[in-house]
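Since the structure comes first, as structure tokens, the remarks are kept for the end.
Below, read A as the first sequence line, B as the second, and so on, with proteins coming before strands; counting in each chain starts at 1.
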Amino acid sequence: MMEQRPTSNAEIAQFFSNIAELLDIKGEEWYRVRAYRRAAESIAHYPEEMIILRERGRLEEIPGVGKAIAGKIDELLRTGRMEFYQRLQSEIPDGVLSLLGLPGVGPRTVSLLYNELGLVSIPDVELAAHQHKLRDLKGLGAKSEERILQGIQMLHRISGRHLLATALPVAEEIVAALKDCQAAQGVTPAGSLRRCAPTVGDIDILASSARPQEVVDHFVSLPQVSEVSSHGDTKATVYLDSGLQVDLLVLEEAHYGSLLQHFTGSKDHNAALRGLARQQGLSLSEYGFQHEDGSVTSCATEEEVYGTLNLAWIPPELREARGELEAAREGSLPQLITAEDIKGDFHTHSVYSDGADTIEEMALAGMARGYSYIVITDHSQGLGVAGGLSADDFARQWAEISALNGRLAPFRILSGVELEIRTDGALDLPDDVLVQFDVVVASVHLGLSQDEDKMTGRFIVAMRNPHVDIIAHPTGRLLGQREGVAVDFQAVVEEAAGTGTMLEVNAQPNRLDLDGDLARKAIGAGVMLALGSDAHHAEGLGVMRFGIATARGGWAEPANVANTLSCEELMATLKSGKA
DNA sequence: GCCGTTTTCGGCCCGACTGTTTTCAGTCG
């Protein structure tokens, strides 16, 4: 049987990421390790497929990929294997890499655990810790052993990351509590929360103060805190009862811009920024810029930090080391879409299917948000579990929408449907019904484990139907629960561009689908995005902020997003057929 | 291992906190 060859950029990147960690555990020189890490990151987010670049001999155009790594990519694509990687694997079993996931355990400690005790998995380490075998290792002691054990128990309790929407209210509560401390000024969430990442590993909060120690002391003694992990003069890390980790950093006000920039990250963005500073003979840290003569210039605002490096200020959502530094230098950063640009919501449910509120309640909520329209998109009949509607049901709904529009004008309720793309690829309602909707949103909820060809085919059939305006939550991922469906996204994007079909950025906190990277790909191909709250009750319209944040992460400008159109413009666009 | 409008060799990102230390390495963000 043919061995499955890694071909996607993500799969190829994984090899180099593993190599970096294996070399790190082996004690290889840090810069070489970093080179592999950077290459992996670069490959994972490169807009073109490695397989194409290889054919054209253009692999070395990728930043961070030189002769040696290009050769390894070539070998991998040609033979499906990589000699160098296999040699490393023979020295260190794959499972050992998982030990790096333990809090407080880095490459040096992993090396000890493996080489001295032969531990190759987290359960191995747990057992050894219980048997007090770890405390005798050189450089470790009873405290380290206890800490590792606690880390393992923490991993058992919480699996991984927290949704942005979960962490945000917690962060706001802590910020409010910190403001009670008189010494604290300028308290604000930073980190992945400020960058509006879909999920956050921890909550970062920063403050400025003339008396940092007081603020840190106040922080670690908050009632929400269940455990203090570290507690210094300017920095502390705690765990809450919920298992969430919260970091606080406090500096004087003069450093505030430097601090905010530093603590917002991302790590990669900051590393790249420090690299730029180096080129100018400067050393950048949370305190400011250190010049070659040792003097330090601190920045009170982020604009000063970026300005010092001849860069425009960069919106936090873009700080992922994905080309934003180059754009900031050239003055070509996007004018990102904002909440004020949003004139309507493309994806909402009512009591007609599985929503909790009436169409009128949904409309009133939309009006309260300052929208000029919402699209009601109840499920079609094929999705029985969600109370999907038949053509007759929709006819009743249209009558109600029409009456409401008479009363609520100039606000408009648009008649829509979340049309099931059935497992056999057929659409769930006939064309003579579809043509009567203002907006048709098509999506898949069934047969999600179909193979890539079948799934891609279902999307393409839907997009080729002249009445389908939008594909909703295109990958079907559920954060922390389910990977997206197997689909050839490149083919989907091309078909969307070719047929003038929009792709949704679904704003549900556990979907955020498309994500920022894919949204950016879609925009790059000329696809229009449609933001939908997918609200199932009136309050649910509020999640739109997460959709906007995600679109911003995809570098979306107002012109890339259909929600910025007025109702008239939208109807004119839809009536003129698909592009 | 990568990279170059100072460099094809010699650089390459910074600092706080902790633990096991007796001057520092490891980890983390």
For [N] versus [M], give the span between their [atom1] atoms, rounded off to a whole number of Å.
N      : M      : atom1 : value
B:dA25 : B:dT20 : C1'   : 10 Å
B:dC9  : B:dG15 : C1'   : 29 Å
B:dT6  : B:dG11 : C1'   : 13 Å
B:dT8  : B:dC2  : C1'   : 12 Å
B:dT5  : B:dG1  : P     : 23 Å
B:dG10 : B:dT18 : P     : 40 Å
B:dC28 : B:dT22 : P     : 22 Å

Residue A:Gln245, side-chain heavy atoms: nucleotide from B:dT27, B:dG29, B:dG15 that is nearest =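 Per side-chain heavy atoms of A:Gln245, the pick is B:dG29.
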message = Heavy atoms from C-beta onward define the side chain here; which of B:dG19, B:dC12, B:dC17 lies closest to that of A:Arg278?
response =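 Output: B:dC12.
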Using a cut-off of less than 4.0 Å, is there contact between a side-chain N or O of [X] and OP1 or OP2 of [N]?
X        : N      : value
A:Thr234 : B:dC17 : yes
A:Ser230 : B:dC28 : no
A:Ser283 : B:dC14 : yes
A:Thr109 : B:dT27 : yes
A:Tyr31  : B:dG10 : no
A:Arg108 : B:dA25 : no

task = If the plane angle is over 60° it's perpendicular, under 30° parallel, otherwise tilted; pick one for A:His269 and A:Tyr306.
result =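 It falls in the tilted class, 30° to 60°.
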message = Base, sugar-phosphate or nothing for A:Val105? Non-hydrogen atoms, less than 4.0 Å.
response =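 Sugar-phosphate contact only - A:Val105 comes under 4.0 Å of backbone atoms but never of a base.
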ask   = Does one side chain, of A:Ser295 or A:Asp293, offer a donor that lies under 3.5 Å from an acceptor on the other?
value =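 The answer is yes; a qualifying pair exists.
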query = Any side-chain donor paired with an acceptor under 3.5 Å for A:Asp513 and A:Asn506?
reply =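 Not at all, the side chains of A:Asp513 and A:Asn506 share no donor-acceptor pair under 3.5 Å.
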